[in-house]
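Reviewing the structure listed below.
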Amino acid sequence: MASCAASASKAALSRLGTVYVSKNRSIFANLAFEEWVFHQHNLEENGDALLVWSNDPAVVVGRHQNPWLEANIPFLDANGIALARRRSGGGTVYHDRGNLNVSLLTSQKQHCRPRNLRRFAESLNRHFGVKIVPNERDDMILQPGDRKISGTAARKAHGRAYHHFTMLVDVDLPFLKKTLKSPWADRIETNATRSVPAKAVGYLGQEVVGVTVEEVQSVVLDTFRSSFEKSVVIESSQVPVDYEKLTWDNVDLREWKWNFGKTPKFTIRLKDGRCTKVEQGVIAEVDGSVEADIVGSRFDYTLFM
């Protein structure tokens, strides 16, 4: 990946780029908007695309993750925090209005996460007088202190790719950590993708007092637009018409069968020591015995509290 970052810096300005700014505060609407951009944006006619948004509190798991392992679901329920599963891989992240979400769509040939992160980090460093350094995991690290303020994920299909990343601007770190601390982490066995804990988590406001998401968004947009001879900015509070039901490939991004039912099979140890096998979010077996009252039903954590 280092070679793609080096070669692209010598390229001439591209002709046209497109910026989408979502004003919607729903994580489900914004993930659906991102899917619409990924599938429907015309790269040949309208150039590379950038989508940015901030939404109400939510925890977002990667496509191949286990939400019961990655999130504190009782805490989410008690605090009205949404849980969503995105279409890309990678680890679990917390979102709220103090977090900027950035999604960059290019052709698969032009896809280069190190280059993207280097460009945005350099711009943020110049503008705010900070030191943000991308690492080998394609995170952005705020120095000093090796504080992770941004994580990366990507998706590739049909000759196109998006690179999306978070940017923590202003966040309640103890609250964030509670949302991501599963009470069952030591009781679940699974082959699902596990999030890799950061050495430390931080946010830009620790170094730039009073910084806002809007200021960071402005820098991100200016950085993207500087690569093009011409760019257009489209602001919208509505998901495009094809996404009024927030669906893609017959998947409703709000539905239990997507957010929980797509979980890879796992085994959870109950308080009494018995093991429960769960497949596609449904209880398949309880320690080798058939228990008609719960086998075949959706996994409900309240049964095991």
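None of the values given here were measured: they were computed from a predicted structure.
No donor-acceptor pair under 3.5 Å is formed between the side chain of S231 and the backbone N or O of F228. The closest donor-acceptor contact from the side chain of R25 to the backbone of S54 lies under 3.5 Å. Side-chain atoms of D96 come within 3.5 Å of backbone N or O of G98 as a donor-acceptor pair. Looking only at distances, no side-chain donor or acceptor of N66 sits under 3.5 Å from a matching main-chain atom of T263. N259 places a side-chain N or O within 3.5 Å of a backbone atom of L253 that can act as its donor or acceptor partner. In terms of modelled atom types and a separation under 3.5 Å, the side chain of E255 and the main chain of W258 share no donor-acceptor contact.
Checking S88, S103, S22 one by one against E34, the side chain to side chain donor-acceptor pair (under 3.5 Å) holds for a single residue, S103. Tested against T92 for a side chain to side chain donor-acceptor pair (under 3.5 Å), the candidates R86, Q65, R85 yield a single pass: Q65.
Note that the CG atom of N72 and the NZ atom of K178 stand 9.5 Å from one another [nearest 0.5 Å].
Listed by first then second residue, pairs satisfying salt bridge (charged side-chain N to carboxylate O under 4.0 Å, His left out) with a partner in residues 216-236 number zero, not counting sequence neighbours. Applying the salt bridge (charged side-chain N to carboxylate O under 4.0 Å, His left out) test to every pair with at least one member in residues 38-57, sequence neighbours left out, gives these pairs: D56-R97. For residues 126-136, the pairs satisfying side chain to side chain donor-acceptor pair (under 3.5 Å) are S123-R126, with sequence neighbours left out. Applying the salt bridge (charged side-chain N to carboxylate O under 4.0 Å, His left out) test to residues at least two apart or on different chains, the pairs with a partner in residues 201-219 are R147-E207.
Heavy-atom minimum distance, A84 versus L31: CB-CD1, 3.9 Å. Residues F38 and L105 approach most closely at CD1-CD1, 3.7 Å, considering heavy atoms. Contact detail for A49 and F224: the closest heavy-atom pair is C-CZ, 3.9 Å. Closest approach of I132 to P134, counting heavy atoms only: O-CD, 4.0 Å. Counting all heavy atoms, side chain and backbone alike, S182 lies closest to L69 at CB-O, 3.2 Å. For I283 against R298, the heavy-atom pair with the smallest separation is CD1-O, 4.3 Å.
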*Take S227 and R119 through the test side chain to side chain donor-acceptor pair (under 3.5 Å) and record every step on the way to the result.*
CA-CA 10 Å; S227 296; R119 289 182 58 230; 2.5 Å; yes

*Step-by-step side chain to side chain donor-acceptor pair (under 3.5 Å) determination, T267 to E189*: CA-CA 5 Å; T267 299; E189 295 182 7; 5.5 Å; no

*Evaluation steps, side chain to side chain donor-acceptor pair (under 3.5 Å), between H164 and T152*: CA-CA 6 Å; H164 52 191; T152 279; over 6 Å; no

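For the residue pair H95 / T166, no side-chain donor-acceptor distance below 3.5 Å is found, with atom types taken as modelled. Between the side chains of D77 and Y301, at least one donor N or O sits under 3.5 Å from an acceptor N or O. With no hydrogens or angles considered, no side-chain donor-acceptor pair links R254 and S26 at under 3.5 Å. A side-chain donor-acceptor contact under 3.5 Å links W53 and N55. Donor-acceptor pairing under 3.5 Å is recorded for the side chains of H41 and Y20.
Taking the six-membered ring where the residue is Trp, F299 and F266 present perpendicular rings, their angle passing 60° and hence far from 30°.
For E35 and R155, the salt-bridge test passes: some basic side-chain N is under 4.0 Å from an acidic carboxylate O. For E279 and K265, the salt-bridge test fails: no basic side-chain N is under 4.0 Å from an acidic carboxylate O.
With sequence neighbours excluded, no residue forms a salt bridge (Lys or Arg N to Asp or Glu O under 4.0 Å) with K109. Residues satisfying the salt bridge (Lys or Arg N to Asp or Glu O under 4.0 Å) test with K148, not counting sequence neighbours, are D139.
Sparse packing is recorded around CG of N191, with 12 or fewer heavy atoms of other residues, nucleotides or ligands lying under 6.0 Å away.
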